[in-house]
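Since the structure is predicted, the reported quantities are computational estimates derived from the model, not experimental observations.
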Amino acid sequence: MDDKATFTEKHAPLVACPSQVLLKLKPTHFSRSYGILISFSASNAEPVNVKYEIKVTYVKTLVDEQLRIFKLERLSSVYINDTEPDTIADQLAYETGQVFYPLVIKVGLDGSFEGIYNHDEIKRRWPQVKSKVQEYFVGEESEKYLMRTEQMLQDAFTLDICFQNDWFINTFFSSIYKSYGSDRKIKQSKNFSLVQDAVPHTFEVEETLEQYLNHYGAIEIHHNGDCEIISKDENISEDDQYIPSINAKYNADIVLENDTKAIDSIIAQWSWSDGIENTVALSAFNMDAAIVTDEETSANMGHNLSFLDKVNYSEQNLISRFFKSIFSKHKIIQ
């Protein structure tokens with residue numbers, strides 16, 4: 001007999017929870033660290049894995065503007081295929097990107113990213129960051145890169161768009177705190193930029209709020225969506241050619257801590273084929289909640305974040321079991 005049947009027999013009948021989820025930040029000084037893994041795969045190239053650790057801290061609520069302010073701080077280097085940036089281009093991008101952190105952002109009460117809050121502070125940091133970068137990187141290409149970065153920093157709107165298209169920010173700070181209706185399912189449009197610097201594509205997404213807590217006493221939200229992308233050859237008129245469409249898929253499993261309703265974990269994936277099979281996968285895990293019993297996992301957590309790999313491959317690892325448990329329902333959401 002499975003766990004759900006056993007639970008049902010020993011307890012009162014399961015009762016539906018309210019269909020509205022509201023973020024309740026407790027205590028006031030709310031702060032969490034997350035391990036992030038973003039994997040880029042294409043059928044014609046070797047996969048690229050990007051890992052880093054980031055701290056998300058609640059700062060305050062702007063009541064009149066109906067906004068919450070959060071601070072994002074990098075707690076580790078950015079690892080590309082388990083190594084720190086080792087090419088000149090990657091090192092230049094990483095060192096220049098230090099100007100953005102700590103990054104303070106505006107978030108709607110529904111959890112969606114609304115923009116950067118500390119734009120002026122970022123601009124004030126730039127001269128010092130630029131000077132430090134110029135000590136180690138010389139040449140025409142590095143100067144061009146610094147000039148483009150400086151131009152972007154002066155434009156608040158461009159900077160907002162840049163971070164709105166960031167895989168982690170766009171996925172983590174999304175509209176999840178709301179009413180899901182009597183059937184606990186709603187449809188909403190979500191924008192994702194599948195290719196760097198490309199115009200975001202609009203996905204029609206069905207969002208489902210699970211009725212019961214999972215095995216770990218957490219709330220689950222599931223996203224399933226698609227997007228039809230029309231390919232165009234600007235050199236050929238539409239009347240003279242057949243233009244095949246590209247169907248892109250998006251799905252995500254979001255786990256919320258039941259007490260605060262804050263995010264504990266996210267597993268998301270985007271896939272599409274344009275003659276090449278493409279996949280982007282994102283995993284975010286609340287490291288503050290990790291209970292590590294595996295010596296190898298414990299040794300790796302503080303440095304290269306390789307414990308995130310075990311989400312996919314280890315049958316016995318606690319973190320893997322946590323993610324897999326999101327499909328086992330046992331308790332009632334209060």
* Can you tell if the side chain of E228 reaches within under 4.5 Å of the side chain of I246, non-hydrogen atoms only? -> no
* **Under 3.5 Å side-chain donor-acceptor pair for T149 and Q151** => no
* Asked: By salt bridge (Lys or Arg N to Asp or Glu O under 4.0 Å), which residues pair with K132, not counting sequence neighbours?
  -> none
* For T83, enumerate each residue passing the side chain to side chain contact (heavy atoms under 4.5 Å, CB included) test, keeping only those at least two apart in sequence or located in another chain. => D86
* Shortest non-hydrogen contact from S112 toward E114 -> OG-OE2, 3.2 Å
* Ring centres under 6.0 angstrom apart (Y250, F192) -> yes
* To do: Return the set of residues passing salt bridge (Lys or Arg N to Asp or Glu O under 4.0 Å) with E140 (not counting sequence neighbours), or none when no residue passes.
  => K144
* Asked: Listed by chain and number, what are the salt bridge (Lys or Arg N to Asp or Glu O under 4.0 Å) partners of E257, not counting sequence neighbours?
  -> none
* **Heavy-atom side-chain proximity of R184 to E210 below 4.5 angstrom** => no
* Asked: Going by atom types only, do E84 and Q91 share a side-chain donor-acceptor pair under 3.5 Å?
  -> no
* Residue pair V255 / A218: nearest heavy atoms and the distance that separates them -> CG1-CB, 3.4 Å
* Candidate pair L282 and V280, rule side chain to side chain contact (heavy atoms under 4.5 Å, CB included), full reasoning -> CA-CA 7 Å; L282 180 146; V280 178; 5.8 Å; no
* Short N-O contact, D82 and K51, less than 4.0 angstrom -> yes
* Asked: Do W126 and R124 come close enough that some side-chain heavy atom pair is under 4.5 Å?
  -> no
* What residues form a side chain to side chain contact (heavy atoms under 4.5 Å, CB included) with K123, not counting sequence neighbours? -> H119, D120, Q154
* Is there side-chain contact between Q188 and I176, with heavy atoms separated by less than 4.5 Å? -> no
Pair up each side-chain donor or acceptor in residues 163-174 with any protein partner under 3.5 Å, not counting sequence neighbours, and list the distances.
| unit_1 | atom_1 | unit_2 | atom_2 | d |
| --- | --- | --- | --- | --- |
| N165 | ND2 | I161 | O | 3.4 |
| D166 | OD2 | F168 | N | 3.0 |
| D166 | OD2 | I169 | N | 2.9 |
| N170 | ND2 | N191 | O | 2.9 |
| T171 | OG1 | W167 | O | 2.7 |
| S174 | OG | T171 | O | 3.3 |

* Asked: Who passes salt bridge (Lys or Arg N to Asp or Glu O under 4.0 Å) against D226, sequence neighbours left out?
  -> K249
* Please, which pairs that meet salt bridge (Lys or Arg N to Asp or Glu O under 4.0 Å) have at least one residue in residues 145-162, sequence neighbours excluded? -> K130-E150
* Not counting sequence neighbours, which residues clear side chain to side chain contact (heavy atoms under 4.5 Å, CB included) with S273? List them please. => E277
* Residues two or more places apart in sequence or in another chain: which of them pass side chain to side chain contact (heavy atoms under 4.5 Å, CB included) with N118? -> L103, V104, I116, E121, I122, R125
* Heavy-atom pair of closest approach, residues S76 and Y94 -> O-OH, 4.1 Å
* How about T279 and Q269: does a side-chain donor come under 3.5 Å of a side-chain acceptor? -> no
* To do: Tell me, please, which residues at least two apart from N251 pass side-chain hydrogen bond (donor to acceptor under 3.5 Å, both in side chains).
  => none
Side-chain polar contacts of residues 59-75 - donor-acceptor pairs under 3.5 angstrom, sequence neighbours left out - could you list them?
| unit_1 | atom_1 | unit_2 | atom_2 | d |
| --- | --- | --- | --- | --- |
| K60 | NZ | Y117 | OH | 3.2 |
| T61 | OG1 | Y58 | OH | 2.7 |
| Q66 | NE2 | V63 | O | 2.9 |

* Do C227 and I229 touch side chain to side chain, with heavy atoms closer than 4.5 Å? -> yes
* S31 side chain to T57 side chain, donor-acceptor N/O pair below 3.5 angstrom -> yes
